[in-house]
Every structure is written in C-alpha cells, then in structure tokens.
Amino acid sequence: MGRLADVAVAGVWQTKQGDMSDRTQPSVWWESVRGACADAGLSLGDIDGMVGDGPLEPGLRERMPAPGIAEQLGHPLRFHARSVVGAGSTASGLNLAAYAVSHGLAEVVVIVNAVGGRGAGYTSASRDEAVAAMAKLSGPYEYVFGTTRVSDCAVMAMRHMHDYGTTAEQLAEIAVAQRHGATLHPLSVHGHRGDLTIDEVIGSRLVADPLHLLDCCSINQGGGAIVVTSAASAAALGRHAPVVLLGYGEGHSHIDPNSVEKLTEFPAARLAADTAFGMAGVRRDEIDVAGIGDHFTIGVLMGLEDAGFCGKGEGGAFVSGGGTAIGGRLPTNTSGGFLSFSHAGICGIFTLIEVVEQLRHEAGLRQVADARLGFVSGVGGVQQAFSAAVLGRA
Amino acid sequence: MSDYQKFLPEGIPDSHLPFWDSLREHQARVQRCDDCGTYRYIPKELCPRCHSDRATWTAVSGAGEVYTYTVVRRAPTPAYQADVPYVLAHVTMAEGFRMIARLTGTEPEAVRIGMPVVIGYEDVTPEWTLLAFRPASPAAQPAQTQPAQTQPAQTQPAQTRGEATGS
C-alpha cells in the first residue's frame with residue numbers, strides 16, 4: 001500500500017472524434033480500451049479493475065457494468081467504482097483508480113468514455129437533439145423558461161463582465177488559443193477549419209448574450225480511455241514517461257444556481273484546487289500546462305481564477321495576449337479542448353489525456369517545452385462540482 | 001387539450017407542490033425557515049443557514065432586481081425558437097433569495113443588471129403556471145410595448161402565452 005504518486009497513467013487512447021453514428025457505442029468503448037492497453041504495452045487480459053461507465057447496455061448491465069466487462073474479458077475484475085463530477089467524472093476517476101492500485105485492490109485499471117451510434121439525447125450525433133436534451137439537465141425550475149447550457153453559462157459571463165470589466169475580446173482569446181492547438185492535433189474535430197482570429201470569434205453569431213457561437217464547445221461523438229497501473233510497472237513497461245497523480249481534490253457546492261452566492265466565483269473550485277495543490281506540495285506558478293473544463297470560454301476564464309492561477313476578476317488580463325496559448329504564460333487545453341478538439345460524453349477524459357501527452361513530451365507540434373507539472377480541472381454541470389488534479393512527469 | 005409545445009415541469013416531488021400551487025394562485029410562496037427566517041427558493045429539506053428542517057410557505061413581495069441575465073438567440077427547441085430573442089433573468093428578490101425566469105415586457109437591449117423588476121405569472125396550461133418577470137417601472141418599458149404577457153401579482157389570471165401567441 002502506498003501513495004497516490006506511486007501510481008501512473010501508463011496508457012492513453014483517443015478514437016476518431018466527430019460523427020461516430022456509423023459505429024455502435026460498445027465498439028467505440030472497446031476500441032478505446034484496446035488502444036489504451038496497447039499504448040501502455042499491456043493487453044486486455046491484464047485489466048483487473050475499471051472506473052466509470054461501461055458500454056451502453058439495458059438495465060442492470062449499465063447500472064452495474066463491471067460484471068458485463070468481466071464476462072467479455074473472460075476473467076473477473078477486482079475493482080469497480082464511479083466518480084461523479086459530471087463531465088469531469090472520467091478525469092476525476094483517476095483518483096479512484098490511483099486509490100485502487102495504491103491500496104492493492106487492482107493492478108491495471110481502465111477509465112473509458114465512449115459516445116457513438118444512433119444514441120438518443122445528449123449523446124446524439126444530431127445537434128438539435130443534443131441541444132434539447134442538454135437543456136433539460138438543469139431541471140424544471142430552469143428549463144421551462146427555455147434555458148440552454150449556453151444560457152446557463154452566459155449569465156455568468158454577463159455578470160463577470162459587469163463586475164470586472166471582462167470583455168468579449170478576452171473570452172475570444174481563449175477560443176483563438178485553443179483553436180490553434182486543435183490545428184496541430186490530427187484527431188481534433190475543428191482543427192481542419194484553421195486558425196481563428198479574435199474578430200472572427202466576436203463576429204460569430206450570438207447564441208446567448210454575451211456568448212458567441214465560437215465561445216461554445218463542439219457537439220460531437222468519440223471515445224477515449226486511460227490505463228492506470230503502478231508507477232513501477234509503468235516504468236518497467238518502458239513505453240512512455242510515466243505520469244503520476246501528485247495531488248487530488250474535489251468540491252461540490254450547489255445544484256440550484258440560485259443557491260450559490262455569486263455566479264462569478266465558485267468556492268468549490270477553489271476547494272478542489274487547494275486540496276490538490278496542498279497534497280502535491282506544488283505551487284500554482286510551478287504548473288507548466290493546464291486543462292480546464294471548457295464547455296464555454298467563460299468556464300476557462302473563471303476556472304483559472306477559481307483554481308488560483310490569478311486573482312478573481314483578473315482572468316481577462318491573464319488570458320490576454322495569448323495567455324493560455326502554447327508558449328503563453330499558462331498553456332491551457334492545448335489540444336483545442338471541448339471548444340475545438342472534442343466534446344463527447346464524459347469529455348473530461350480528453351482534458352486529462354492532453355495533459356498526460358504533454359507531460360510525456362509526446363504532444364508533437366503542440367508540445368509545451370519541458371513540461372513537468374500539469375493541472376487538470378474537471379467541471380461537473382454548470383460550475384456545480386469540480387475535481388482538481390496535479391500531475392507530474394515521474 | 002393543450003397545444004402547449006414547450007417544456008412543462010416533470011418529476012416535481014410532492015414536497016414541491018405548494019410552490020407550484022402558489023403560482024397557479026398568482027401569489028408565489030416559497031419556504032421560509034421557521035427558526036432563522038431565511039427564505040429559500042427551490043424547496044429543500046434543510047435551511048442552509050441554520051440546518052432547521054422547519055419551514056413555512058410564505059408569500060413573497062414579488063419585487064426584485066436583475067442580478068444577471070442573458071438574451072437567448074438559439075433556443076432549445078422549435079417552440080422556444082419562435083420566441084427569440086428572449087431574456088432570461090436571475091433576479092435577487094427583496095427577501096434576499098434569487099429566482100430565474102423570463103423577463104418580458106421589455107426590449108432585450110433595455111435590460112440592465114440592477115434594474116428593478118416584479119413577478120408576474122403565465123398560465124401556460126390549465127395545470128401549470130410559470131413565473132415571469134417584467135420591469136417594475138413603466139419608464140423601463142420600451143415606447144412600443146409588446147402585448148402583455150404577464151400580470152402583476154394579486155390580479156386575475158393572465159391570458160396564457162399559448163393563447164396569446166397561438167403556439
């Protein structure tokens with residue numbers, strides 16, 4: 001039994017991202033697992049634990065997925081758990097996987113996110129269907145009025161601008177920086193569209209004031225997985241520089257947006273980050289690369305503030321001049337993030353995988369020079385729950 | 001019997017029904033803690049301030065001011081899209097809690113954070129009445145007013161949005 005930091009991300013995999021309606025969701029799920037195992041130098045037969053959701057199946061098979069996975073692997077699993085931080089649940093699952101491995105409950109744990117097929121609701125390949133389904137996530141005290149996920153966050157941006165003078169141009173800086181990363185990632189959904197300018201972002205149509213279309217994440221399908229094992233095993237496998245979890249924290253504060261004091265400042269995000277940094281013994285200014293849940297540009301700006309990378313209200317200045325770009329003061333969501341890389345299902349896994357690839361020094365043209373320490377914030381709902389992880393190159 | 005095509009509340013627990021009943025009566029009542037007097041909006045078992053589980057459904061003044069807002073231009077479904085652009089406001093009520101609803105009776109361009117508003121009601125179906133806000137002061141209304149979609153508290157039921165728009 002040991003510490004979280006004795007556990008490493010040994011393998012990662014991302015499938016094609018985009019319209020996967022010609023594939024079944026279970027096939028995307030298993031491709032992700034197979035790919036992550038191969039990346040680690042492991043085989044499917046090595047898996048003895050899982051965190052999170054399995055392939056979409058009816059009834060108990062979905063609610064209790066590990067037995068069905070074991071059935072196909074041909075051997076029993078020793079561990080299954082779920083972390084629940086909304087879209088951040090896959091990234092936050094790393095904590096549970098690290099717990100299982102460090103405490104001898106399992107040796108090889110997979111965390112998977114997969115969206116594909118002709119699924120209904122918010123995993124649909126149809127934008128209209130996904131938008132309508134996501135709108136109802138807020139609950140009846142909001143959706144009856146015609147709220148959307150965009151409007152839920154637009155009200156935060158509106159108040160942030162009012163209180164701190166944050167501008168649409170500053171929010172656009174985030175979209176511009178991330179799009180550039182996406183142009184350098186062969187799997188990104190929007191990279192092929194090329195670089196953006198600030199004028200293009202603020203000139204795109206308003207979806208919910210003050211958020212423009214290009215302030216909003218993609219809606220698409222795709223899969224991804226990570227494999228976690230002991231740092232010693234990962235080093236012995238020798239495929240990649242092991243990436244270890246140095247610190248972790250969560251914060252869960254409110255579900256009713258009327259119940260949080262301000263819609264510009266989320267103490268749960270601060271709580272998660274303070275716990276993670278405290279555990280890691282790492283300072284904010286030591287972080288080389290970050291991944292912040294970015295359903296909308298305003299989420300990145302407030303996420304940087306709430307995680308303590310700058311003061312409250314200073315996010316606009318922090319991101320200006322390419323602050324979050326590769327080569328900027330804190331490269332953030334360097335794959336393009338949900339805005340330009342992929343927003344599919346429990347998409348926090350993509351945030352995590354990009355930081356892992358950066359810390360491995362395998363990010364290709366997106367590589368942040370000599371990245372050794374990374375920070376990942378997973379966001380659940382609309383700033384209602386947070387996970388925070390400090391990762392290091394072992 | 002209703003041709004109302006927008007979302008109606010689903011899955012409302014019985015414990016929340018006094019609030020929805022109060023909307024149908026056009027006099028919003030929310031929980032007020034019996035022990036510390038704090039108001040809360042979406043019904044809850046505990047007072048977050050003092051943890052008391054005793055509360056009384058209490059009529060609200062209906063006055064508030066805009067804490068923040070947005071103008072929706074891309075709506076969740078075609079039935080809502082017919083209304084765009086529409087304003088969603090988070091309003092700090094005089095009693096100290098916030099509520100979310102449409103802000104009607106004003107042009108989107110005229111909305112400001114801090115502007116005073118009052119509660120109104122929309123009887124969207126025979127079973128369901130929804131909150132709406134409208135500007136408190138006539139001066140805040142545009143010169144060219146839209147058809148009234150809300151009525152102040154303590155008056156007879158408003159014409160429903162469904163009837164008014166034929167949607």
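Letters A, B, ... mirror the listed sequences (proteins, then strands); counts begin at 1.
Side chain of A/Tyr141 to backbone of B/Pro9: no donor-acceptor contact under 3.5 angstrom is found. Of the possible donor and acceptor atoms, none in the side chain of B/Arg73 sits under 3.5 Å from a partner among the backbone N and O of A/His212. A donor-acceptor pair under 3.5 Å is formed between the side chain of B/Arg98 and the backbone N or O of A/Glu261. Proximity of a side-chain donor or acceptor of A/Ser151 to a complementary backbone N or O of B/Val72 within less than 3.5 Å is not detected. Put simply, the side chain of A/Tyr143 never gets that close to the backbone of B/Pro76: no donor and acceptor are under 3.5 Å apart.
Heavy atoms of B/Trp128 lying under 4.5 Å from chain A are absent altogether. For chain B, the nearby parts of A/Ala208 are the backbone and the side chain; heavy atoms of each come within less than 4.5 Å. Contacts of B/Tyr41 with chain A are made by side-chain atoms alone, with heavy-atom separations under 4.5 Å and no backbone atom involved. Using a 4.5 Å cut-off between heavy atoms, B/Ile100 contacts chain A through both its backbone and its side chain.
When each of A/Lys136, A/Met134, A/Arg205, A/Glu142 is checked for heavy-atom pairs under 4.5 Å with chain B, A/Lys136 comes out on top. Of the listed residues A/Pro140, A/Gly146, A/Gly139, the one with more heavy-atom pairs under 4.5 angstrom with chain B than any other is A/Gly146. Contact tally against chain A (heavy-atom pairs below 4.5 Å) for B/Val87, B/Leu130, B/Val84, B/Thr92: the top residue is B/Leu130.
Taking CZ of B/Phe7 as the start and CZ of A/Phe145 as the end, the distance is 13.5 Å to the nearest 0.5 Å. Between the OG1 atom of A/Thr147 and the OH atom of B/Tyr80 there is a distance of 8.0 Å, given to the nearest 0.5 Å. One distance of note links CZ of A/Arg159 with NE2 of B/His90; it measures 12.0 Å at 0.5 Å rounding. Considering OG1 of B/Thr68 and NZ of A/Lys262, their distance stands at 13.5 Å, rounded to 0.5 Å.
Looking at A/Asp256 and B/Arg40, no side-chain N of the basic residue comes within less than 4.0 Å of a carboxylate O on the acidic one, giving no salt bridge.
B/Arg74 places none of its side-chain heavy atoms less than 4.5 Å from the side chain of A/Thr148. Counting only heavy atoms from C-beta outward, the side chains of B/Tyr67 and A/His162 never approach each other to under 4.5 Å.
Counting heavy-atom neighbours within 6.0 Å of A/Leu137 CG, excluding the residue itself, gives a total above 12.
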